[in-house]
Amino acid sequence: MGTVIRHGHDRATSGAKVANTPHSDLVLPYGDQFNDGIVQVSFTLPVAAGALAEEAARQTMKLMGLEEPQVAEVAPIGENATFFVGYGKLTRPVELSKLRIAKPMWEELDQITINRLVQETLGRAMVVVGAATGQDAHTLGLDAILNYKGFAGNRGLEAYSALKVVNMGSQVPNETLVAKAREVSADAVLVSQVVTERNVHLANLTNLVELLEAEGLRDKVVLVVGGPRITHALAVELGYDAGFGPGTRPQDVASYLAQEVARRVLN
Amino acid sequence: MESGKQLADVVSDSGVSSVAIVGTAKNVGKTVTMNYLVSELSAKGLTAGLVSSGRDGESIDAFTGQPKPSVVAPQGAWVATAEGVLRGSASGLEIADVLGTQGLFGRIVLGRAVEAVALELVGPRSARELAAIVNKLLELGTDIVLVDGALDRIAAASPKVSDATILATGASLDMDLESIAQELGFVVWLLSRPEHPVKAIASLAREAVEKGTVCFIHACRGKEQGRYTLRPAHYPTVLGVEDLVLEQAGDAAAVVVPGAVSQAFLDKARSWAKQREFAVIASDAVSIFASKRPGVSLYVTQPLNLLAVTVNPVSYLGVSHDPREMVNAIGAAFRDIGYKLPVFDVVSGEKSIEGVSGMAVG
């Protein structure tokens with residue numbers, strides 16, 4: 001019954017001809033020459049150093065999709081573990097023209113322009129509430145964006161006359177953050193989160209969105225999440241307006257906030 | 001298999017014009033369920049509309065890197081998605097409208113499939129925008145709109161967005177069958193919260209939610225016994241002011257919370273309620289953030305219409321349950337808590353005693 005639909009398909013194109021010149025649409029890692037597909041990998045296996053461990057390392061590399069796997073370095077780590085460096089070849093290129101990159105839509109503005117844009121749009125300062133939520137005890141990223149002194153010579157949001165910053169610090173429960181956003185009539189909510197390898201923080205991030213929806217505040221705030229493992233696409237899928245990853249400067253966030261608020265007021 | 005209703009029958013017989021498919025977690029088979037439903041409903045001659053509250057049908061999962069099924073819109077079906085993801089699928093769609101609403105990949109477009117087309121759905125960012133898109137699809141002549149929930153978010157099930165709900169669950173939720181059944185029993189209990197059984201209280205509660213203020217409902221005494229009155233607490237929310245709100249409760253029979261009902265509030269209301277009858281009334285089940293049974297009477301002003309549960313016995317982590325065992329365990333968990341809710345495995349066609357077989361595409 002019904003049509004049978006194949007599940008999934010891969011962005012990589014197998015068997016396609018890859019030119020060994022730069023500026024090709026099909027790309028492979030660069031080892032010794034363009035698109036030779038050679039990569040170096042390193043990993044540790046919980047196996048005592050020896051022939052068995054080396055074969056296990058080669059099999060591991062094969063399972064990674066590497067052809068012609070070679071073990072280059074072997075270093076025992078204690079009695080029952082071995083560290084490896086290996087080389088192998090990838091043959092399935094990525095097709096650049098088929099990739100889609102999601103980025104927040106904003107252009108970089110200077111501090112004076114940002115302040116003027118906010119004042120012109122809102123007729124007052126924009127209220128920005130920031131917190132590291134849930135169990136997250138990291139405030140480094142949050143402070144770098146919010147604090148006056150900023151980060152890498154780029155002043156934080158507190159330095160902008162048109163931004164009124166409420167920094168709630170770390171380990172803030174979502175309920176407390178939402179209550180504060182309501183109390184101060186926040187225009188923007190900034191959440192800092194270290195999304196971990198096992199994605200345990202994701203549920204906390206979606207919970208915040210659901211709480212804001214239930215409180216009728218989701219449409220009233222620009223909701224932003226930042227952290228070392230955050231991408232804009234991930235953030236939007238979680239229900240946020242924008243996501244900022246590593247290397248983000250306070251000016252990037254301020255530029256985005258000013259333009260997003262202006263866009264909403266105009267619509 | 002046996003005669004009886006398929007999941008698509010349950011949906012079409014319900015007569016609703018929109019159904020949210022929400023998941024207890026990621027990768028529990030929401031897309032498979034949606035593909036199955038849209039294909040079957042179209043075969044019944046219904047014009048279906050498809051919209052996502054997040055992102056759906058992308059080829060590779062952004063979190064796990066696993067391949068994911070495409071969304072397949074049959075010929076004649078309507079879809080809402082972002083203009084930026086259409087590229088290859090655009091030729092199969094006749095675009096009817098472009099909305100100002102921004103999705104992940106640009107503006108949201110509404111289009112009709114001129115032939116069966118595999119595509120990616122990208123939705124808007126808020127429940128209000130989602131509700132507007134559902135209405136727009138209905139205006140364009142859709143008989144039934146299927147709303148795909150994002151990740152573990154259930155906002156799509158809000159009565160403000162959709163008329164009915166299908167709960168998708170699976171091996172992604174938890175590895176152990178007993179825990180899955182138990183956890184699911186709780187979720188179903190929560191999503192099935194009814195109106196307050198006393199009509200006068202239920203009616204006053206709706207009034208309180210419209211006011212947008214936390215309110216108490218009191219029973220009148222003496223001659224007016226059997227009647228109730230509404231008393232505003234002058235708080236728009238209970239978040240952060242749980243104690244302050246409850247301190248004002250006096251001899252109230254119920255507290256009505258128009259916004260989020262947090263676990264902290266339920267815990268405190270429970271100790272408050274120990275002395276006597278006291279109920280917490282939320283706007284709808286989507287606004288209740290309980291992680292366990294609260295130990296206090298819990299009602300809503302707008303009940304969800306929970307139609308069915310679908311199970312996906314296979315986890316992307318490779319853990320797989322026997323479909324029949326899984327469907328039976330979940331069916332039994334529902335019976336334990338007094339719910340006669342049909343359970344379907346849309347992949348292998350297993351069904352619970354109340355349910356019947358369903359067959360999926362893919």
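When reading the values below, keep in mind they use all heavy atoms of this one structure, side chains included, and skip hydrogens, waters and symmetry mates. In what follows, every chain begins at residue 1, and chains take the letters A, B, ... in the order their sequences are listed.
Within the 4.5 angstrom heavy-atom criterion, only backbone atoms of Pro258(B) (N, CA, C, O) approach chain A. Of the atoms belonging to Asn207(A), heavy atoms from both backbone and side chain fall under 4.5 Å from chain B. The parts of Ile154(B) that come within reach of chain A are both its backbone and its side chain, each placing non-hydrogen atoms under 4.5 angstrom from that chain.
Below 30°, between 30° and 60°, or above 60°: for Trp106(A) and Phe244(A) the angle between ring planes is between 30° and 60°, a tilted geometry.
The side-chain heavy atoms of Leu257(A) and Leu190(A), taken from C-beta on, include a pair separated by under 4.5 Å.
Of the listed residues (Ser126(B), Gly240(B), Ser287(B)), the one with the most heavy-atom contacts under 4.5 Å to chain A is Ser126(B). By number of non-hydrogen pairs under 4.5 angstrom with chain B, the leading residue of Arg182(A), Arg263(A), Glu213(A), Glu210(A) is Glu210(A).
Heavy-atom minimum distance, Ala260(B) versus Leu211(A): CB-CD2, 3.5 Å. Counting all heavy atoms, side chain and backbone alike, Ser283(B) lies closest to Lys160(B) at OG-NZ, 4.1 Å.
One finds no salt bridge joining Arg264(A) and Asp187(A) here, because no Lys/Arg side-chain nitrogen approaches an Asp/Glu carboxylate oxygen to under 4.0 Å.
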